[in-house]
**Q** 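Take this structure first; my questions come after.
Everything numeric in this text was worked out from a predicted model, so none of it was measured. Residue numbers begin at 1 in each chain, while the letters A, B, ... track the order of the sequences. Worth knowing before you read on, the calculation uses all heavy atoms, side chains too, and leaves out hydrogens, waters and symmetry mates.
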Protein chains: 2
Amino acid sequence: MNETQAVSALSALAHAQRLRVFRALVVAGPEGLTPSILADQLDVARNTLSFHLKELAHAGLVTIEQQGRNLIYRAEYSRMNGLIGYLTEHCCQGGVCEVSPSSAICTTC
Amino acid sequence: MNETQAVSALSALAHAQRLRVFRALVVAGPEGLTPSILADQLDVARNTLSFHLKELAHAGLVTIEQQGRNLIYRAEYSRMNGLIGYLTEHCCQGGVCEVSPSSAICTTC
DNA sequence: ACAATGATTCAATAAATGTTGTATTATCGA
DNA sequence: TCGATAATACAACATTTATTGAATCATTGT
């Protein structure tokens, strides 16, 4: 993951509704969800949701599969891992990652 | 870290210049940097930098200390760890964190 | 006290982002 | 083929965010 990709992913997640959409997809797991279900679940207008899903897809955080007239959206875990890796790498460069051990995640630095 | 804080932090980092500013502060370590040095180093106008630093500070990602007429900005590692923790938690809820082992960071899930 | 320096604030403008309503495309079932 | 459904695309508008130049505030050194 490079800087451009990281900014793109961060930007996609930097919105409460999109973060909730992504979270719902993570919770849904490999089965994924259709836009209709997501719209009902999160109480968002369909066209607005479509816009946000497009943003997430553009950032590579979700994948789309067509099944008949439904689209199945799924969280792209590897992309999220890539983002977390990028942040961890940059966070840890100073070697002060263990400032707050209780909340530290990266056990390798 | 709650959703609002996460969105705030993500939003602060979702900008190439701010990400570079934060990165420079991480690299600088505990000594921190002054806005002048940052402005020279990253080639940004001082008032623009001031604006971005305020955004980072508002998101809790940097701290400010006054030393004479200089201000010392430092990366707030615990906040970054909190953000990474939040993302990891939500990424791992589906239990599919090991989709791409090579890039996986969170070794506990 | 005064000039110089470091940094921020403010107003104005430009650019990007988010939302809504309407229209369009594609698929399904009778 | 026709009506209904799932979803997106488009245009218009409102809102937010980013940048620039000029002005302000605080601190230092003479």
**Q** Please determine whether residues Val44(A) and Leu53(A) belong to a single hydrophobic cluster, defined as Ile, Leu, Val, Met, Phe, Trp and Tyr linked transitively by side-chain heavy-atom distances below 4.5 Å.
**A** yes
**Q** Could you report the tightest heavy-atom contact between Leu38(A) and Ala24(A), atom names first, then the distance?
**A** CD2-CB, 3.8 Å
**Q** Rounded to whole angstroms, how far apart are CZ on Phe51(A) and C1' on dG21(C)?
**A** 16 Å
**Q** Looking only at the side chain of Gln17(B) (C-beta and beyond, no hydrogens), which of the listed nucleotides dT19(D), dT8(D), dT20(D) gets closest?
**A** dT19(D)
**Q** Kindly say if His52(B) contacts the phosphate of dT17(D), meaning a side-chain N or O under 4.0 Å from OP1 or OP2.
**A** no
**Q** Please determine if a side-chain N or O atom of Tyr73(B) lies less than 4.0 Å away from the OP1 or OP2 oxygen of dT8(C).
**A** yes
**Q** Which nucleotide in the list dT9(C), dT22(C), dT19(C) gets nearest to the side chain of Asn47(A)?
**A** dT22(C)
**Q** Could you tell me which non-hydrogen atom of Met80(A) sits nearest to which non-hydrogen atom of Leu13(A), and how far apart they are?
**A** CE-CD1, 3.8 Å
**Q** Which heavy atom of Val26(A) sits nearest to which heavy atom of Ala75(A), and what is that distance?
**A** CG2-CB, 3.8 Å
**Q** Roughly how many Å is it from CG in Leu49(A) to P in dA9(D), rounded to a whole number?
**A** 13 Å
**Q** When the distance from CG of Leu19(B) to P of dA18(D) is rounded to whole Å, what number comes out?
**A** 13 Å
**Q** Residues from residues 53-61 of chain A sitting under 4.0 Å of DNA chain C, heavy atoms only?
**A** none
**Q** At less than 4.0 Å, is any side-chain N or O atom of His15(B) found next to OP1 or OP2 of dA16(C)? Yes or no.
**A** no
**Q** Can you measure Arg20(A) atom CZ to dG18(C) atom P for me and round it to whole angstrom units?
**A** 14 Å
**Q** Indicate yes or no: at least one non-hydrogen side-chain atom of Asp40(B) is less than 4.5 angstrom from one of Arg46(B).
**A** yes
**Q** Please report, to 0.1 Å, the donor-acceptor pairs under 3.5 Å made by any side chain of residues 55-63 of chain B, with sequence neighbours excluded.
**A**
none

**Q** Treating Ile, Leu, Val, Met, Phe, Trp and Tyr as nodes and any side-chain heavy-atom pair under 4.5 angstrom as an edge, say whether Met1(B) and Leu19(A) lie in one connected cluster.
**A** yes
**Q** Using a heavy-atom distance cut-off of less than 4.0 Å, which residues of residues 62-72 of chain A contact DNA chain C?
**A** Gly68(A), Arg69(A)
**Q** Check whether any side-chain heavy atom of Thr34(B) lies under 4.5 Å from a side-chain heavy atom of Gln67(B), and answer yes or no.
**A** no
**Q** Indicate the atoms forming the closest heavy-atom contact of Thr88(B) with Ile84(B), along with that distance.
**A** OG1-O, 2.6 Å
**Q** Quick one: Arg46(A) CZ to dA4(D) C1', roughly how many Å, whole number?
**A** 13 Å
